[in-house]
Amino acid sequence: MKTAVIFEERKDQIYRKGEQPFELACNRESLAGAVSQRACVFCGSRVVLYPIADALHLVHGPIGCAVYTWDIRGALSSGPELHRLSFSTDLQEEDVIFGGEKKLEAALNELIERYQPRAAFVYSTCIVGIIGDDLAGVCKKVEAEKGIPVIPVQSEGFKGNKRAGYEAACKAMFRLVGTGDTTGISPVSLNILGDFNLAGEIWIIRDYLKRMGVEVVANITGDGRIADIQRCHGAALNLVQCSGATLDLAKMMKEKYGIPYIRVSYFGIEDMAESLYQVARFFESRDPEIMKRTEAVVREELEELHPKLVEFRKDLEGKKAAIYVGGAFKAFSLIKAFRHLGMKVVMVGSQTGTKEDYRELEEITDPGTIIVDDSNPLELSAFIKEKDVDIFVGGVKERPIAYKLGVGFCDHNHERKIALEGFVGMYNFAKEVHSTVISPVWQFAPRRQKQKEAGNE
Amino acid sequence: MSDNNPVTVVESRPGALDTRVSARKARPSYVSTTNACKLCTPIGAALAFRGIEGCVPFLHGSQGCATYMRRYIISHFREPMDIASSSLGEKHAIYGGGPNLKKGILNVMGKYGAKIVGVATTCLTETIGDDVPMILKEFRREFSDLALPHIVFASTPSYSGTHMEGWHAAVRATVEQLVTDKVSENGTVNIMPGFVSPADIRYLKEIATDFGIRPTILPDISETLDGQALEDYETIPSGGTSLEAIREMSGASASIEFGRTLSCLETAGNVLKKRFDMPLYQIGMPIGLRETDRFFQALEAITGRETPQLHQMERGRLVDAYIDGHKYVSGLKAVVYGEADLVIGLTSFLVEIGIRPVLVATGSKDKVFKQAIEEVCKGIALGASLPAIREGVDFFDIAEEAEGLKPDILVGHAKGYKMAREWNIPLVRAGFPNHDRFGGQRILHLGYRGAQSLLDRIINAIIEKKQADSPIGYWYI
């Protein structure tokens, strides 16, 4: 049973803690026919850049790539909402034969005139890589004519996995950095990297930072603005959350502008608090009072949160959770968050984790936990059954796997409309976990019913 | 059964036509696409393959296509949608995707136990020039010692056509490649319903059974995309048109295909007609009274039986409801959009309840779309008000044109929500995708019962808006 669903070629991408010394293969191409949950390079670029709300995001390719990414995330904007529209060159057969450059140029001109964006990102798709359109050339020409940055994003779908797309996105953004005026920026200032403002999460974080006395120069990329990114090299620090997505940009900025970065997470109590303390420690020499203010923020928030969590914990103590997410970094925080609810994580995996990510997962999980890279529905359903979990955390693609097996589900991916970051986010998370785990519907699910019968016999 | 001459001759309306043409010319023709009102070709094929028993849809291309489509489909149906991919990387794009296609099929055989693999191409593999039929031939030769699944192949370059072309291509490929031998007459009737909901297909089965017919519905997504809660995660969901039933399609007494735009396509029905001399009834999607009457007439003609009492009564109740409800909707202006054949059916229904479609639009480029809309409006559309008819448009076009027309209601899939919200008018959801409401897979469109359901939803949407907008809030109407 354990191995029936596991492909021979994938055996070394699955690890059970304690069974043998830690070793996990990752960063491979997905196995053909395995129904991977992964997307592609284009997807990686698109998700990172998408929330920049005053830029035009034009997908150069046939219609599908633009259509499947049309406003699918809950990335909110406090102003313009250009990011919520879906633009495509909708390549047709003749464009594939004769090349799509003219169409791209005309489409760019048309859309820039119509929307007057502050910049344009042009995403290349599989087919553009094959027919060899000179994306950079067209962008350069239109940039000169229109007087706004027109940036090619080299995101051909087949050129690797999502991580390659993150890198392409960072390269694209880096072209903006350093082109704006940095006067008036406080010495106690930072950029928020790798937050996508799902359900307004970046506003929660900005509120904490404000109460601490820290200026935020640029949101990269949730609720992002081109002008902010252009001057973000004037900030004193980069806060990198979704490290897979934006660590490359932070590294480039460190190299060129000498801006240090710290890796943070806003999920769960410890990680949220520790992230704020890290910021405070960084600025302590410039602002001696900052630690006091930070402690006050954390205290105030926790005083409100703690009694509520205690209530949820009463019902959740001892329940088991499985996690399968895009980037592994989020999983670290989730494991800790579940511990606060008295729950145990028995399976954890990601689409694009690195060796270091998985090593850390191995360290912080309990013996027997399954750790998996680039999984698929067959494996995930087998793991859920084997570990008999009470809740599965994932994205929309994972939802039916949980539900078919009579297991609760929490959407911790792009589509969610509930803020899960910050202390209030921990409350929302606990509430959602609670609402699904304690639901009476599971007792009608055939698998659960059978388990119950077997237990009674 | 009422007499239903499909076409009553009406005077032509040159004036109205002229205005439309000039209005169209006055608008710019855009190069770019903003908020497309269509999907790509391979997703249609993947959806259709999902309605074949034991079949795993397989996209020959890079990993992202399969994953994006899965996500999109799962959001609507809330069901597992496992689409395999050959997961091509850079070196395959250069040296060809054959090895990965073969490896992928072997993997799908091994772990999923696929009886059939439905392979569809993507823009990538079409452009690098992978000769899929040849690769599949090689595959069968190389692994002839194994119990290989049937492999159906459809060419679905995403730069050519929409998801509906992909859907029909997959259905045609299935028939072309699997229905090769003539079997003896078996009393079945083939129904190729097009892209309708699982609830629609369940209802079609009911109708056919009431007629004493054994229907072969291809594809049949009624269970595979609207399944039960089960004890286990099924590698391939149960249900779908069985391989045996598909093979036996050559023994059917007739084929019925829904879709007025199919006339210019080489469809599965045409293949059966040519190959086995099988009578083909190509009729519009049976949406609303008249198009449903045509469907029942076809069933009467095929079986030589009268429409069963139960359905005559449903028809009677529908007419009664048309009358009871007419004042709530009479003269209201509607904008209808979506897949061409669905839009034609919905338009036909709307004009018969007295709503005035002012704009009907589809994202696909369809030669006969305009003609079909005119046909279903003939002799019944209110006044001289044939709608503006647009094909090959996106939501930017639709919104721009519709705004001046001041519609009272939108009828189409969920992607029109932003327009509805902006103009504060109801959107009655029909078709796919339905990402912002629960139960998209259970929307009933077809037959007398589907018309009843649409009618109730439309009238109640209008009443609900009136109540919401009213300073008094009447609760007795």
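So you know, we letter chains A, B, ... as the sequences are listed, proteins then strands, and number each from 1.
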Taken to the nearest 0.5 Å, the spacing of B/T67 OG1 from A/K397 NZ works out to 6.0 Å
Is the terminal nitrogen or CZ of A/R114 (NZ for Lys, CZ for Arg) located under 6.0 angstrom from the six-membered ring centre of B/Y30 and within 45° of that ring's axis? yes
Okay, A/R84 and chain B: the region with an atom under 4.5 Å from a heavy atom over there is both
So OG of A/S86 and CG of B/D394: to nearest 0.5 Å the spacing works out to 9.0 Å
In terms of heavy-atom contacts, B/A84 and A/G33 come closest through CB-CA, 4.1 Å
The interface call for A/E8 against chain B, heavy-atom contacts under 4.5 Å, is neither
*Using a strict cut-off of less than 4.0 Å between a Lys/Arg side-chain nitrogen and an Asp/Glu carboxylate oxygen, indicate whether B/E231 and A/R447 qualify as a salt bridge.*
no
Greatest number of non-hydrogen atom pairs under 4.5 angstrom with chain A, of B/K418, B/K103, B/M69, falls to B/K418
Under 3.5 Å side-chain donor-acceptor pair for A/S30 and B/Q63: no
The reported gap from OG1 in A/T69 to OH in B/Y72 (rounded to nearest 0.5 angstrom) is 10.0 Å
Separation between CZ (A/F158) and CG (B/L88), nearest 0.5 Å, reads 9.5 Å
Can a donor-acceptor pair be found between the side chains of B/S87 and A/R38 at a distance below 3.5 Å? no
Here the gap from B/N35 atom CG to A/D71 atom CG, rounded to the nearest 0.5 Å, amounts to 8.5 Å
Cation-pi, A/F7 ring and B/K111 (6.0 angstrom, 45 degrees): yes
The interface call for A/E398 against chain B, heavy-atom contacts under 4.5 Å, is neither
NZ (A/K385) and OH (B/Y233) are apart, to the nearest 0.5 Å, by 11.0 Å
